[in-house]
Amino acid sequence: MADVVLRPIDPTEFPAFFRTLTETFGEDPTDVAREHDLKVFESDRSLAGFDGDQIVATAGIYTRDMTLPGGPKPVAGVTVVSVAPTHRRRGLLTEMMRRQLTELHESQREPVAALWAAEGPIYGRFGYGLAASRAVLSGTTSALRLAPGTDIGTGRIRLVTAEEARPHLAEVYEQVRLTQIGWLDRRDGWWDHRLHDPEAWRDGATSLRFALNTEEDGRVTGYAFYRLKQFWNSHKDAEVIVVEIAATNPQAYAALWSFLANIDLFPVMRKRIAAVDEPLRHQLLDPRGLQMEILDSLWVRLADVGGALADRTYATDIDVVFEVADHFCPWNAGRWRLRGGPDGASCSPTRDPADLAVSAADLGAAYLGGTRLATLALAGRVVELRPGALAAANRAFAADHEPWCPEVF
């Protein structure tokens, strides 16, 4: 580590930064991909490891809002993390993670960091907890028929161009993301980023198709964008690949799924990122027709325990003292008193006796309301020190729906 200097890059150094990142992940850097990433890249929030004039490690942060219990709040979206194979096992990743979290704490810019992990074991040792899972959906379209009587409203599905769809996508998404825990804002260049569709990224599928659910009065209440993938040697495997679907009411949501399951010549449906509590299963004639594989998605780190716990609301009134263990961010270690409820919260250091003993990583896991404190206690990761404290905190931290994030960042 002594021969490597960590610092942010300036914009002129982005090509070298991008080359190290992509090659480390086993990809070939291309001009199209580089220019695509540059549109949302924040050089002032980047971190690169320089061995002489060579970049050998990368990390960055996206400035985003994420919907927490209670509404959207600023969250540091940790991204583009890599260490070149020539420089592994030297502590570079640890130092980049430590520097990111220290700067978040000292600047008080965002008390929470979140990321998608390339591998499951990596980020727990830096205090990140598994806060949200995702479902990978699949099924034959013949088995994805809605149950008789399912209300699909009185709107109609229209296929439109990307240009026509764009403002409607943004409007519907904005309405939904305000209440869907784990969803991110898409201001600035993020819609361009989400809809970027070069042929090289399609893996043999078509370009994006756009479907809008339009009501009789002209309002768009839902959308889906998807691809079609044909297998000419095996027609039975041809796929509808659903990239994103959102709607402002259950009727529009059902109508869009009904449309996707009835596209001729494509008997298989797949969606690789969906909610664990996906409502589609409960709209089907045969719930077994929808196959679900559960994987991890968002990992959350409380860079500032007090600020993070005060930033969200709670399902029920809560007054609890946490004994927090945090070897990686020692400023978080100690006792914190959380008082809060549906209207807001406060959290500050205290000398009062602790009610629950927990690590910062497990507080991060519970933060979005998906991973239950009671589940963590059964796993031996949360210890109840005052009878009744665990049940009360478990109820307060819980969310109405499972958190999830529809995009990898």
Side-chain angles (χ1 to χ4, degrees), residues 4-18 20-22 24-25 33-34 36-50 55-68 72-83 92-119 122-129 131-132 177 182-194 297-305 307-308 311 328-329 331-332 360-361 364 367-368 405 407-409:
V4 176
V5 176
L6 291 178
R7 65 167 175 83
I9 67 167
D10 66 55
T12 65
E13 295 170 312
F14 183 73
F17 182 99
F18 183 77
T20 296
L21 171 69
T22 52
T24 298
F25 278 94
R34 185 184 66 246
H36 167 65
D37 281 8
L38 184 58
K39 290 179 179 179
V40 293
F41 185 73
E42 301 176 46
S43 58
D44 61 321
R45 305 202 76 180
S46 68
L47 199 58
F50 285 83
I55 295 178
V56 297
T58 68
I61 288 175
Y62 293 136
T63 303
R64 308 283 302 263
D65 286 349
M66 177 182 287
T67 302
L68 309 180
K73 294 286 185 178
V75 169
V78 174
T79 186
V80 295
V81 179
S82 72
V83 177
L92 271 174
L93 178 59
T94 298
E95 286 308 306
M96 289 194 298
M97 293 293 100
R98 192 185 309 280
R99 179 157 166 174
Q100 277 189 337
L101 292 167
T102 300
E103 290 178 353
L104 287 175
H105 168 65
E106 291 177 348
S107 69
Q108 298 186 331
R109 185 167 178 176
E110 298 114 342
V112 176
L115 55 76
W116 288 71
E119 296 180 79
I122 297 176
Y123 291 98
R125 66 184 190 267
F126 308 127
Y128 283 85
R177 74 105 181 171
W183 283 32
L184 300 160
D185 73 295
R186 288 181 180 167
R187 61 180 182 267
D188 302 327
W190 280 100
W191 269 110
D192 290 335
H193 192 272
R194 181 60 169 155
S297 61
L298 288 176
W299 292 71
V300 166
R301 209 315 173 182
L302 307 190
D304 184 317
V305 164
D311 240 7
F328 200 71
C329 296
W331 56 82
N332 284 328
Y367 188 67
L368 298 180
C405 184
E407 63 188 276
V408 179
F409 55 85

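Model, not experiment: these values are computed from the prediction.
- Side-chain contact between Cys405 and Ser297 is absent, with no heavy-atom pair separated by less than 4.5 Å.
- Using a 4.0 Å cut-off between charged nitrogen and carboxylate oxygen, Glu103 and Arg99 count as a salt-bridge pair.
- Without hydrogens or angle criteria, Thr24 side chain to Ser82 main chain gives no donor-acceptor distance under 3.5 Å.
- Distance alone, capped at 3.5 Å, is enough to place a donor-acceptor pair between the Tyr367 side chain and the Ala308 backbone.
- Smallest separation of non-hydrogen atoms from Trp299 and Ala117: NE1-CB, 3.8 Å.
- Two residues are said to be in side-chain contact when any heavy atoms from C-beta on lie closer than 4.5 Å; Met66 and Leu298 meet this criterion.
- Using a distance-only test at 3.5 Å, with no hydrogens or angles considered, a donor-acceptor pair links the side chain of Trp116 to the main chain of Glu407.
- At least one donor-acceptor pair under 3.5 Å links the side chain of Glu13 to the backbone N or O of Asp10.
- Side-chain contact between Thr102 and His105 is absent, with no heavy atoms from C-beta onward closer than 4.5 Å.
- For the pair Leu92 and Leu6, the minimum side-chain heavy-atom distance is below 4.5 Å.
- With Trp190 as reference, Tyr62 is the one residue of Phe409, Tyr62, Trp183 to meet the ring-ring contact (aromatic ring centres under 6.0 Å, His included) rule.
- Here the CD1-CG distance, from Ile9 to Asp44, works out to 10.5 Å after rounding to the nearest 0.5 Å.
- Between Ile122 and Val81, every side-chain heavy-atom pair lies at or beyond the 4.5 Å cut-off.
- Classified by interplanar angle (parallel below 30°, tilted 30° to 60°, perpendicular above 60°), the ring pair Phe126/Tyr123 is perpendicular.
- By the 4.5 Å heavy-atom criterion applied to side chains, Thr58 and Leu47 are not counted as neighbours.
- Pairing each heavy atom of Val78 with each of Leu115, the nearest pair is O-CB, 3.5 Å.
- Of all non-hydrogen atoms in Met96 and Ala59, the two that sit nearest each other are SD-CB, 3.9 Å.
- Between Phe41 and Phe18, the ring center distance fails the sub-6.0 Å criterion.
- When all heavy atoms of Val112 and Leu302 are compared, the closest pair comes out as CG2-CD2, 4.2 Å.
- Atom CG of Leu101 and atom CD of Glu106 lie 11.0 Å apart (nearest 0.5 Å).
- Of the residues Arg45, Arg64, Arg301, the one that meets the salt bridge (Lys or Arg N to Asp or Glu O under 4.0 Å) test with Glu110 is Arg45.
- Nearest heavy atoms, Arg125 versus Phe328: O-CD1, 4.3 Å.
- Using a 4.5 Å cut-off on side-chain heavy atoms (C-beta onward), Leu368 and Val300 make contact.
- Residue Leu21 holds its CG atom at 8.0 Å from OG1 of Thr79, rounded to the nearest 0.5 Å.
- Exactly one of Asp65, Val75, Thr63, Thr67 qualifies for a side-chain contact (heavy atoms from CB on, under 4.5 Å) with Asp185. That residue is Asp65.
- Stacking of Arg7 on the aromatic ring of Phe50 is recorded, both the 6.0 Å distance cut-off and the 45° axial limit being met.
- Remark: the backbone N or O of Ala360 is not paired with any side-chain donor or acceptor of Asn332 at under 3.5 angstrom.
- Contact record, Gly307 with Pro111: C-CB, 3.8 Å, taken as the closest heavy-atom pair.
- Inter-residue side-chain proximity for Val80 and Phe17 is flagged as met; some heavy-atom pair is nearer than 4.5 Å.
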